[in-house]
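Note on naming: letters A, B, ... go to the chains in the order of the sequence lines (proteins, then strands), and numbering restarts at 1 for each one.
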Amino acid sequence: KNEVEQSPQNLTAQEGEFITINCSYSVGISALHWLQQHPGGGIVSLFMLSSGKKKHGRLIATINIQEKHSSLHITASHPRDSAVYICAVLYNNNDMRFGAGTRLTVKP
Amino acid sequence: SQTIHQWPATLVQPVGSPLSLECTVEGTSNPNLYWYRQAAGRGLQLLFYSVGIGQISSEVPQNLSASRPQDRQFILSSKKLLLSDSGFYLCAWSSGITGNTIYFGEGSWLTVV
């Protein structure tokens, strides 16, 4: 069983739709990252969270430490948002574990 | 500003041949360094991480090894590649301060034939 569970595994949306990707983890962490991987393989970090909520443009990330759960929201989705979104948790010893990723396809 | 470079970007190697992937970080000191692999259709898997020169932690027993000869240099090696070593390899770094964001290299596509 993966220590980091992501859902859904695949997601197809129409342009303009509100999107939510969920991430759950099993033990206490020091931080959680949301990453975006494009078809070429390159990965960028979207957010790093240790509590609360962060917003960047149309992207919003939240984390509930007590429930060990985080969500990534995309408002007014656009085809260029199509990518794989990966949740990663960082433990106190600097070890990092990843969810399996959510493949998002936004259709025009 | 901090940057991370990884090379080569792509390589095709025969089974049994050696491997060396190199990663360097600029603009920071004493970074935490990571090697990850992403096999086709699968998620990222942590292979090695290092919190300092000569300090390597291995997560998965395999025929790969890692070394950190300098503070900002991280090398992934193999003496004899297997077909199952094919995949996308990513180097990453984060600050030594726990909880800082992580930065990824461009990635290296390895095909073992």
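- Grouping the Ile, Leu, Val, Met, Phe, Trp and Tyr side chains by contacts below 4.5 angstrom, directly or via other members, places B/Ile75 apart from B/Leu90.
- Partners of B/Trp109 according to the ring pair (Phe, Tyr, Trp, His ring centres under 6.0 Å) rule, which considers only residues two or more places apart in sequence or in another chain, are B/Phe88.
- In terms of hydrophobic clustering, with Ile, Leu, Val, Met, Phe, Trp and Tyr side chains grouped at heavy-atom distances under 4.5 Å, A/Phe18 and A/Trp34 are assigned to different clusters.
- The NE2 atom of A/His33 sits 7.0 Å away from the OG atom of B/Ser94 when rounded to the nearest 0.5 Å.
- The structure places CG of B/Leu44 at 4.5 Å from CD1 of A/Ile43, a figure rounded to the nearest 0.5 Å.
- For a residue to count as touching a neighbouring chain, one of its non-hydrogen atoms must lie under 4.5 Å from one of that chain's; by this rule A/Ile29 does not touch chain B.
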Show me the donor-acceptor pairs within less than 3.5 Å that the side chains of residues 15-24 of chain B make with the rest of the protein, sequence neighbours left out.
{"from": "B/Ser17", "atom 1": "OG", "to": "B/Gln13", "atom 2": "NE2", "distance (Å)": "3.4"}
{"from": "B/Ser17", "atom 1": "OG", "to": "B/Pro14", "atom 2": "O", "distance (Å)": "2.6"}
{"from": "B/Glu22", "atom 1": "OE2", "to": "B/Gln73", "atom 2": "NE2", "distance (Å)": "2.6"}

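- Residue contact with chain B, scored on non-hydrogen atoms closer than 4.5 Å, involves the side chain of A/Gln37 exclusively.
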